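This report refers to the structure that appears directly beneath it.
Along the sequence shown, the residues carry numbers beginning at 1. Keep in mind that what you see is a predicted model, and the values were worked out from it rather than measured. Heavy-atom basis, side chains included; hydrogens, waters and symmetry copies ignored.
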Amino acid sequence: MELNYKEFGQGEPIVILHGLFGTLDNWQTIARQLAENYSVFILDQRNHGRSPHVEVHDYQSMAEDLREFMESHWLYGAHLIGHSMGGKTAMEFALEHPSMVNKLVVVDIAPKAYPERHQHIFEALFSLDLDNLKDRQQAENLLADRIPDLGERQFLMKNLSRKKEGGFELKMNLPVIHKHYQDILAAIESDHVFEKPTLFIRGEKSHHIQPGDEAVILKLFPKAKIETVAGAGHWVHADKPAELLRLVLDFLAN
C-alpha cells in the first residue's frame, strides 16, 4: 500500500492523519507551520484522497499502512497527529508499535465506539449524478438540500474531481467507506497501553470527547492529558488553527 503524501520542512519527523471523508490537504496549512521546526508528512489514508482504493477499511489495516509508509521512508520514530478517524488510526498504531511513536496527539476523538451520525452525508453523496454534473456549483446546490451547513458542504466538496471526459468523480472510495462504516465507528481496543506522552485535544463545541471519556482514555494512554480549545467544533484545526498549533508546539517541545 503506497499512500499518497506530501512532505514539508526539515528536522524531527511528524506524521499527520486526516479524518473521515477528508484528505491530506485538510492539514496542509498546519503542516506548513509545523515545518518551520519539523519534517512533516501529511498522508491520504486508504480509500481517501489519492491513496489506493481497496476493499478493506479498518483500523488494523490503516495502522499497517502507516507502518509500511514509515518504514519505507526510514521513519523508525516520529511524532504522530491524528484527527477523528485518523486519531483512531494513530491510537491503534501507537498501541501496536509504541517504539515508532515518540509523542502522540489525538484531535477530537476518544478510543470508544460511536453512534452513527454521518448518514445524511452518505445519502447526499450517493444522490449525486457525478457523470452528469456540469460544474461544482451545481453539485453544491444539490448537496445543500441534505447538508445545510456551508462549512460541512465545502469540506465534502474538496472530494470532487473533474474527469477529462466530462462529469466528476469522488476522490474517496465511498461504497467501501459506507460498507465499513461500523468498522470506522468501532472502539480501539488493546491488551497493551501506550506509556509515552499523549495529548488529546477536544473542541469545546464538539461532543466527541465527553467528561466521562477520561477513564477510557487513561486506561489505554495513562500519560494522556486532555486540552479543550474554546470556540472550536469537531474540526478544531479548521476552526481554531492558531490555538491548536500552540498546543501542539508546546506539547512537542516539553
Side-chain angles (χ1 to χ4, degrees), residues 14-22 24-38 40 42 45 59 78-95 101-118 121 149-152 154-155 184-190 193-254:
I14 298 174
V15 178
I16 304 179
L17 303 171
H18 64 79
L20 179 63
F21 305 126
L24 56 78
D25 288 339
N26 303 147
W27 280 85
Q28 188 159 265
T29 300
I30 295 290
R32 288 186 181 277
Q33 293 172 301
L34 289 170
E36 294 179 8
N37 300 291
Y38 296 91
V40 185
I42 48 177
Q45 297 197 81
Y59 292 113
H79 301 308
L80 194 54
I81 302 173
H83 170 244
S84 197
M85 180 188 74
K88 282 192 167 182
T89 302
M91 285 188 268
E92 177 77 21
F93 183 84
L95 291 164
V101 181
N102 297 331
K103 291 185 177 181
L104 175 65
V105 179
V106 177
V107 183
D108 211 59
I109 200 77
K112 65 181 182 180
Y114 283 83
E116 296 184 2
R117 59 181 71 184
H118 299 94
I121 293 177
D149 183 78
L150 176 60
E152 191 172 31
Q154 291 177 336
F155 167 74
I184 295 168
L185 298 173
I188 299 299
E189 299 175 338
S190 178
V193 296
F194 181 71
E195 296 182 339
K196 296 181 181 179
T198 304
L199 173 64
F200 281 75
I201 299 174
R202 64 178 294 271
E204 179 190 28
K205 296 180 178 180
S206 173
H207 302 292
H208 282 72
I209 298 181
Q210 299 290 330
D213 295 334
E214 184 175 356
V216 69
I217 288 172
L218 292 175
K219 181 179 178 181
L220 292 174
F221 306 94
K223 292 188 176 180
K225 62 177 182 178
I226 304 171
E227 297 282 359
T228 300
V229 176
H234 181 55
W235 287 280
V236 185
H237 51 298
D239 294 341
K240 297 289 181 177
E243 290 83 346
L244 179 136
L245 186 65
R246 178 183 58 80
L247 284 173
V248 170
L249 287 173
D250 287 349
F251 172 67
L252 297 181
N254 298 314

Reported [atom1]-to-[atom2] distance for the pair [X] and [Y], which is rounded to 0.5 angstrom:
X: E204; Y: H207; atom1: CD; atom2: NE2; answer: 11.0 Å
X: K219; Y: E214; atom1: NZ; atom2: CD; answer: 15.0 Å
X: F155; Y: W235; atom1: CZ; atom2: CH2; answer: 6.0 Å
X: W27; Y: I16; atom1: CH2; atom2: CD1; answer: 6.0 Å
X: N26; Y: S84; atom1: CG; atom2: OG; answer: 11.0 Å
X: I42; Y: I14; atom1: CD1; atom2: CD1; answer: 12.0 Å

Nearest atoms (heavy-atom pairs only) where [X] meets [Y]:
X: P111; Y: V216; answer: CG-O, 4.0 Å
X: A187; Y: A113; answer: CB-N, 3.5 Å
X: D239; Y: G233; answer: OD2-N, 2.8 Å
X: I209; Y: F200; answer: CD1-CD2, 4.2 Å
X: L95; Y: S190; answer: CD1-CB, 3.8 Å
X: A78; Y: V15; answer: CB-CG2, 4.3 Å

Side-chain contact, heavy-atom cut-off 4.5 Å: [X] with [Y]?
X: V229; Y: L247; result: yes
X: I81; Y: V248; result: yes
X: R117; Y: H208; result: yes
X: M91; Y: F221; result: yes
X: P197; Y: L104; result: no

- For the residue pair F251 and H79, is the inter-centroid distance of their aromatic rings smaller than 6.0 Å?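 No, the ring of F251 stays outside the 6.0 Å limit from the ring of H79, centre to centre.
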
- Query: Between H83 and H237, does the ring centre distance come in under 6.0 Å?
  - Reply: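 H83 vs H237: aromatic centres under 6.0 Å.
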
- Item | Pairs flagged by side-chain hydrogen bond (donor to acceptor under 3.5 Å, both in side chains) wherever residues 103-115 is involved - sequence neighbours left out |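 Those involving residues 103-115 are D108-S206, D108-H234, K112-D213.
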
- Item | Backbone of K88 reached by a side-chain donor or acceptor of Y59 within 3.5 Å |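 No.
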
- Does Q45 reach the main-chain N or O of H18 with its side chain, forming a donor-acceptor pair under 3.5 Å?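 Answer holds: yes.
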
- Message: Evaluate V106 against I201 for side chain to side chain contact (heavy atoms under 4.5 Å, CB included), listing each step before the verdict.
- Response: CA-CA 6 Å; V106 177; I201 299 174; over 6 Å; no

- Might you work through the side chain to side chain contact (heavy atoms under 4.5 Å, CB included) test for I121 and E152, ending with a clear yes or no? CA-CA 9 Å; I121 293 177; E152 191 172 31; 3.4 Å; yes

- Task: Kindly indicate, with the supporting measurements, whether the criterion side chain to side chain contact (heavy atoms under 4.5 Å, CB included) is fulfilled by L199 and K225.
- Result: CA-CA 5 Å; L199 173 64; K225 62 177 182 178; 3.8 Å; yes

